[in-house]
Visitor: 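Just dropping this structure here.
Nothing here was measured: the structure is a model prediction, and the numbers come from that model. Computed over heavy atoms, backbone and side chain alike; hydrogens, waters and symmetry mates excluded. Protein chains get the first letters and strands the later ones, always in sequence-line order, with residue 1 at the start of each.
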Amino acid sequence: MVKIVNVVASGSLDVEFDLEQVATDMGSVAEYSPKKYPVIYIRFKDDTPLITLYRTGKYIITGSESKQQSRNFREEFLNFLSNNQMITTPKDEWFCIQNLVCTGELDQSLNLNTLTVDLGLEVTEYEPEQFPGLIYRPSGFTSVVLIFASGRVVITGIQDFDIAQEIFISVRNKISEITNTE
DNA sequence: TGAGCGGCTCCTTATATATCAGCTTCGG
DNA sequence: CCGAAGCTGATATATAAGGAGCCGCTCA
């Protein structure tokens with residue numbers, strides 16, 4: 001019903017890196033284009049999450065499909081740095097999940113013009129000429145939900161999958177109430 | 001009037017979603 | 001040579017990060 005499609009996590013190592021040197025040491029798994037953006041992109045295999053490493057030792061992991069995959073990937077990253085003598089111990093200062101992107105399917109097509117009014121103009125934005133989805137900011141959450149005429153939804157801005165499910169159920173219930181009273 | 005500093009915005013990455021414009025390619 | 005089809009890149013959402021550039025403000 002609700003599925004995680006992307007996890008963004010970040011962490012910090014208590015080390016400053018010479019990115020030029022690290023990129024050389026890492027070889028083909030690293031991509032370094034300082035003129036484009038001052039980081040090293042690290043990808044161990046195709047279709048695996050991407051690590052963005054900063055000079056300051058901070059890093060971001062994007063593209064995981066679960067929190068666990070994100071954590072596993074962090075482990076792999078720390079071990080890689082440790083095994084290559086880039087850090088002394090495979091430990092970091094902090095690590096946390098920053099954002100989840102989830103998708104859901106309401107199994108019915110929707111009239112976004114009427115839905116904008118029914119959900120409330122103060123919590124929705126719908127400008128089809130700008131973007132085809134309805135932007136819904138459910139009260140009580142920091143999350144943003146994109147609702148499309150096809151019935152597909154995208155939920156983002158949360159750190160917890162349970163909350164994504166809670167929001168999805170709430171949206172589904174609201175829409176079924178609205179369609180029942182019409 | 002100019003130096004310096006703080007705050008702000010944009011850049012980039014992943015990812016789903018959908019719709020537009022503009023471009024390339026292909027067939028008749 | 002032209003229309004159709006397909007592809008690409010914008011549009012918007014969240015989030016972390018460091019650097020560059022810009023703007024406004026303060027103080028000498």
Visitor: Send over the distance from A:Ile97 CD1 to C:dA17 P, rounded to a whole Å.
Guide: 14 Å
Visitor: We want to know whether A:Gln68 and A:Asn72 form a side-chain donor-acceptor pair, criterion being a heavy-atom distance below 3.5 angstrom.
Guide: yes
Visitor: Show the atom names and distances, to 0.1 Å, of all donor-acceptor pairs under 3.5 Å that link a side chain in residues 95-104 of chain A to residues at least two apart or in another chain.
Guide:
residue: A:Gln98; atom: NE2; partner: A:Ser10; partner atom: OG; Å: 2.8
residue: A:Asn99; atom: OD1; partner: A:Thr156; partner atom: OG1; Å: 3.4
residue: A:Asn99; atom: OD1; partner: A:Gly157; partner atom: N; Å: 2.8
residue: A:Asn99; atom: ND2; partner: A:Thr156; partner atom: OG1; Å: 3.4

Visitor: Is a side-chain N or O of A:Thr116 found less than 3.5 angstrom from the main chain of A:Leu112, in a donor-acceptor match?
Guide: yes
Visitor: Going by an N to O cut-off under 4.0 Å, is there a salt bridge joining A:Glu65 and A:Lys3?
Guide: no
Visitor: Round to the nearest Å and state the distance from A:Tyr136 atom OH to C:dA14 atom P.
Guide: 15 Å
Visitor: Report the distance from atom OH of A:Tyr126 to atom P of B:dT17, rounded to the nearest whole Å.
Guide: 17 Å
Visitor: Just how far, in rounded Å, is P of B:dA14 from CG of A:Asn6?
Guide: 9 Å
Visitor: Indicate yes or no: at least one non-hydrogen side-chain atom of A:Val7 is less than 4.5 angstrom from one of A:Gln69.
Guide: no
Visitor: Please state how far atom CG in A:Leu110 lies from atom P in B:dT19, giving the value in whole angstrom units.
Guide: 12 Å
Visitor: Just the rounded figure in Å: distance from P of B:dC20 to CD of A:Glu127.
Guide: 15 Å
Visitor: Contact class for A:Val8 (heavy atom, under 4.0 Å): base, sugar-phosphate, or nothing?
Guide: base
Visitor: Whole angstrom is fine here: how far is it from CG in A:Asn99 over to P in B:dA14?
Guide: 15 Å
Visitor: Would you name the heavy atoms of A:Gly63 and A:Asn6 that are closest together and state the gap between them?
Guide: N-OD1, 2.9 Å
Visitor: Residues of residues 45-65 of chain A with any non-hydrogen atom less than 4.0 angstrom from an atom of DNA chain B: list those, numerically ordered, please.
Guide: A:Leu50, A:Thr62, A:Gly63
Visitor: Calculate the interatomic distance between A:Ile42 atom CD1 and B:dT12 atom P; express it in whole Å.
Guide: 19 Å
Visitor: Can you tell which of B:dA18, C:dA16, B:dT15 lies closest to the side chain of A:Ser150?
Guide: B:dA18
Visitor: Of the non-hydrogen atoms in A:Val145 and A:Ile167, which two are nearest, and what is the gap between them?
Guide: CG2-CG2, 3.6 Å
Visitor: What are the atom names and distances for every N/O pair under 3.5 Å that joins the protein to nucleotides 6-13 of chain C?
Guide:
residue: C:dA12; atom: OP1; partner: A:Gln130; partner atom: NE2; Å: 3.0

Visitor: What closest approach, in Å, do A:Leu81 and A:Met26 show between heavy atoms, and which atom pair accounts for it?
Guide: CD2-CE, 3.6 Å
Visitor: Please work out if A:Lys36 contacts a base, only the sugar-phosphate, or nothing of the nucleic acid, heavy-atom cut-off 4.0 Å.
Guide: sugar-phosphate
Visitor: Identify the two heavy atoms, one from A:Ile87 and one from A:Leu78, that lie closest to each other, and give their separation to 0.1 Å.
Guide: CD1-O, 3.7 Å
Visitor: Does the side chain of A:Arg152 get closer than 4.0 angstrom to OP1 or OP2 of B:dA16 through an N or O atom?
Guide: no
